[in-house]
Amino acid sequence: MSGFPDDIPFFDEDEPSANPPAQQKPAGSGSGSGIAARAMAARGGAASARYLDALNPEQRLAVETTEGPVLVLAGAGTGKTRVLTTRIAHILATGRAYPSQILAVTFTNKAAREMKERIGTLVGEAVEGMPWLGTFHSIGVKILRRHAELAGLKSSFTILDTDDQIRLIKQIIQAEGLDDKRWPARQFAQMIDGWKNKGLAPKEIAEGDARAFANGRGRELYAAYQERLKSLNAVDFGDLLCLPIRIFRDNPDVLAEYHRKFRYILVDEYQDTNTAQYMWLRLLAQRPKSAGEAPLNICCVGDDDQSIYGWRGAEVDNILRFEKDFPGAKVIRLERNYRSTAHILGAASHLIAHNEGRLGKTLFTDKAQPDEAKVKVHASWDSEEEARAIGEEVEALQSKRHALNDMAILVRASFQMREFEDRFVTLGVNYRVIGGPRFYERQEIRDALAYFRIVSQEADDLAFERIINVPKRGLGDASLRQVHDVARARQVPLLQAARDLAGTEEMKPKPRSALRTLTENIDRWQDLLDKTSHTELAETILEESGYTDMWKNDRSPEAPGRLENLKELIRSMEDYESLRGFLEHVSLVMDAERHEEMDAISLMTLHSAKGLEFETVFLPGWEEGLFPHQRALDEGGRSGLEEERRLAYVGLTRAKKNLHLWFASNRRIHGLWQSTIPSRFLDELPEAHVDVADEGSSYGGYGQGHIGRPNPYGKSRFDNAEVFSNTYSTPGWQRAQKNRSDATARNWGTRSGHQVERIGYGETDSGYGAGRGSVKGRVIEGELVAKSVSESPSAFKLGDRVFHMKFGNGNVAAIDGNKLTIDFDKAGQKRVLDSFVQPA
DNA sequence: CGAGACCTAATTTTT
DNA sequence: TTAGGTCTCG
């Protein structure tokens, strides 16, 4: 959140002269690029460098095609990261560029970190000399700090995270006299993000969009928000992309500087770039032809089939269009997969082939063994049984010496996790949840950081607001309002206003003295900034402010964990030089590394699984409405469906050896039990690579009544009646869709229990293959998008005798629209949708 | 200001 | 179902 300009490196500090011609050796010419020198040495004079020997021919081509635009379509598990890192090492080793002349962008800090490490390994040492390897955002900050004044900022600007952003927007909505309930700040924040993802300034947004919020005042609010940011000397995440773009556009000389600087541009996960990132890259990549410059050396690596972030602005089109955008581009496909068995690859390839908008690829493996397991599809009665059965499977594997670390359960939506957590707790199986709220997003961490911010940055109004009454010190809305008024009247930050106010008679004695205590504390801490070590200061602040006491006195079950987190926070500060340095880090890296070594099964969403791999993967919940998710269908139409399918593809390709898919016939959604039908994706799997598991076990229950009962939605080879007969019938999903009801709920249970671990995030490697395909066509197709549950009143009456597939017979006890409360003879009282019961 | 009632909405997530 | 937010009362 806090920024500091002190480490703005000056340009070209390690470049003896502006442009080393290709092939010229930079090493030896003085200082800086020891890395290049070492890389050269590592190369050992042989005609072919050793690092190239580890590559297959396609990978090698991707590494050695250094000049001109290159698109590497790297299929899942084809060694994408290896190519990227080796390519950089190669560029350095052959003296084509200095480290500082290579721009390498990733999406996540983790990916950036990993690349740095791996380049370091290749080249012999940690890569400190790659100043321009980082996330889009971190590089954006770097550029923006250097040219802040061109964007109307001071280079010490603060970076707001989503939380700050929303609070700020809320204030603006209120200040404009709008009802912040009718026009939720959260929603508007998302709209702003959407605009910024497209690189649009307030005046550039579409009329329709602008009208969509707050009775047509969207544009006005957006502009007001930007104004407010400027006056706070703050930016949000979107600005880190948009402002550099604007600077480049408005200041050709600045852009030219970067053109001169970067000889090679590399982009990871290109399929995830949004429009703003695309523009940013184009600006940097397109050197004016007139200057007789060297060719445009941009290399984008990605996989159109793993594009799963369309909903947050990623444009698959960017990768699909690459050859048009960069004429003469070479496209290199990596299709040799080093991860999965032939069955898994076969299943995944067949599934993804149902998508139309793709460049196409064919993953293959040459390590196929005769005895490999096919992909297994399992049916279960309901989600509980699903969890129970997977739990059994996990234990069985465990007893066969499989490490839990090699297994993962990947779900479509996080509410699905709960049942698995419950199950693993009862079984005593260690598990770790990956994803979910991050360390730095936790309340106690954010509170603590707000204290640090206000101490290190006097003018950080948002931080001040956050802590003014945390812990409670009797400074509520009324007091805050007063402080605000003074601040506005005098044009000073809130903290200063508070100081002034505390010295006057304006306030009632109680709040006044509370305020005075607070400001005096802050003054004292500020004074300690340069006198104490920052970790010590941090502890002092948390102690003296009463913040730690607040949690010590809190008897809620989370309190001890929060105190633990605070300690962890202080511990992690030790890695930084100063409070400011730490805060700068935190604003960009909302992610704390964690390094639990216990053996545990991983539990996460499919989205968080991208880039990871496991020996054994369980994919539960393959049911229409849940996966593909109804909402993706409703909102995204055909392209929504295709993205869901890509998500399925990502899931399948995470598995190395064993892959289990599950669907349940009944699932509780929003507290209501609903019957479900198997996902269409199951029917899109190739018979040759798939086995339908013959569970036999608990499958059934009241279900006898169900087996053989006609599926009201259409047929699938996974319909219960046919599960064991392996019939291969083509589905009638369109019809099925029609009666689908909303699926999905959300829960973020705070499981307690010994062996649990929650991790910020993860990623490993991904990749791709080749093929062909048409591109356009994100048109909504009615038949796929049909909608949910009718709200018409139920045909049942109180006291009616009814039959339900899951619960058997019972009497209608209450009716609420189409929701029935039924007293079942055996199962007790349940709420179900009326469409799932019939007169008994 | 805080506790408890009441209402509402409910994928996916990085920076 | 349930979590989160808002609203009301003491």
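Residue numbering restarts at 1 for every chain, and letters A, B, ... go by the order of the sequence lines.
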Item checked: For atom CD1 of Ile166(A) and atom P of dT15(B), their distance in whole Å -> 17 Å
Item checked: Nearest-neighbour nucleotide for the His607(A) side chain, dT15(B), dA10(B), dT13(B) considered -> dT13(B)
Next item on the list: Output all residues satisfying salt bridge (Lys or Arg N to Asp or Glu O under 4.0 Å) with Arg631(A), sequence neighbours left out; order by chain, then residue number.
Entry: Glu635(A)
Notebook entry, point to check: Tell me: OH of Tyr309(A) to C1' of dT11(B), nearest whole Å?
Noted result: 12 Å
Check: Looking only at side chains, do Gln829(A) and Asp823(A) share a donor and an acceptor under 3.5 Å apart?
Finding: yes
Check: To the side chain of Lys170(A), which of dT6(C), dT15(B), dT12(B) is closest?
Finding: dT6(C)
Margin query: Does Asp193(A) reach a base, just sugar-phosphate, or nothing at all? Heavy atoms under 4.0 Å.
Written below: nothing
Item checked: Residue pairs, two or more places apart or on separate chains, that pass side-chain hydrogen bond (donor to acceptor under 3.5 Å, both in side chains) and touch residues 468-482 of chain A -> Tyr451(A)-Arg473(A)
Item checked: Under-4.0 Å side-chain N/O to phosphate OP1/OP2 contact, Arg418(A) with dA3(C) -> yes
Next item on the list: Give me the ring orientation class for His804(A) and Phe807(A): parallel if the planes are under 30° apart, tilted from 30 to 60°, perpendicular past 60°.
Entry: parallel
Notebook entry, point to check: Ser138(A) near the nucleic acid: base, sugar-phosphate alone, or nothing, with a heavy-atom cut-off under 4.0 Å?
Noted result: nothing
Check: Given atom CG of Asn274(A) and atom P of dT15(B), what is their separation to the nearest angstrom?
Finding: 14 Å
Next item on the list: Show your reasoning for whether side-chain contact (heavy atoms from CB on, under 4.5 Å) applies to Glu444(A) and Leu569(A).
Entry: CA-CA 10 Å; Glu444(A) 66 277 18; Leu569(A) 177 70; over 6 Å; no
Margin query: Does dC1(B) have OP1 or OP2 under 4.0 Å away from a side-chain N or O of Lys472(A)?
Written below: no
Next item on the list: Please name all residues satisfying salt bridge (Lys or Arg N to Asp or Glu O under 4.0 Å) with Asp382(A), sequence neighbours left out, ordered by chain then number.
Entry: Lys806(A)
Note to self: If you compare every side-chain N and O of Thr605(A) against the phosphate oxygens of dT13(B) (OP1, OP2), does one of them come in below 4.0 Å?
What the structure shows: yes
Notebook entry, point to check: Using the C1' atom in both, what is the distance from dT11(B) to dT6(C), to the nearest Å?
Noted result: 25 Å
Note to self: What's Asn469(A) touching, base or sugar-phosphate or nothing? Going by heavy atoms closer than 4.0 Å.
What the structure shows: sugar-phosphate
Margin query: Quick check, does Trp311(A) stack with dT12(B)? I mean ring centres under 5.5 Å and planes off by under 30°.
Written below: yes
Check: Base, sugar-phosphate, or nothing for Gly140(A), non-hydrogen atoms under 4.0 angstrom?
Finding: nothing
Next item on the list: Look at all strands and tell whether Leu475(A) reaches a base, only sugar-phosphate, or nothing, counting heavy atoms closer than 4.0 Å.
Entry: sugar-phosphate
Check: For dT13(B), does OP1 or OP2 lie under 4.0 Å from any side-chain N or O of Ser608(A)?
Finding: yes
Notebook entry, point to check: Side-chain N or O of Lys181(A) less than 4.0 angstrom from OP1 or OP2 on dG4(C)?
Noted result: no
Notebook entry, point to check: Phe107(A) CZ to dT12(B) P: how many Å, rounded?
Noted result: 21 Å
I'd like a table of atom pairs between the protein and nucleotides 8-10 of chain C - only N or O on both sides, under 3.5 Å - with the distance next to each one.
none

Check: When you measure from the side chain of Arg312(A), which nucleotide among dT13(B), dT15(B), dT11(B) comes out closest?
Finding: dT13(B)
Item checked: Residues that Glu644(A) engages under salt bridge (Lys or Arg N to Asp or Glu O under 4.0 Å), provided they are two or more places apart -> Arg412(A)
Notebook entry, point to check: At under 4.0 Å, does any side-chain N or O of Arg473(A) touch on OP1 or OP2 of dC1(B)?
Noted result: no
Margin query: Holding to salt bridge (Lys or Arg N to Asp or Glu O under 4.0 Å), I want the full list of residues that pass it with Arg167(A), two or more places apart in sequence or in another chain.
Written below: Asp164(A)
Note to self: Mind checking if Gln277(A) touches a base, just sugar-phosphate, or nothing, with heavy atoms under 4.0 Å?
What the structure shows: nothing
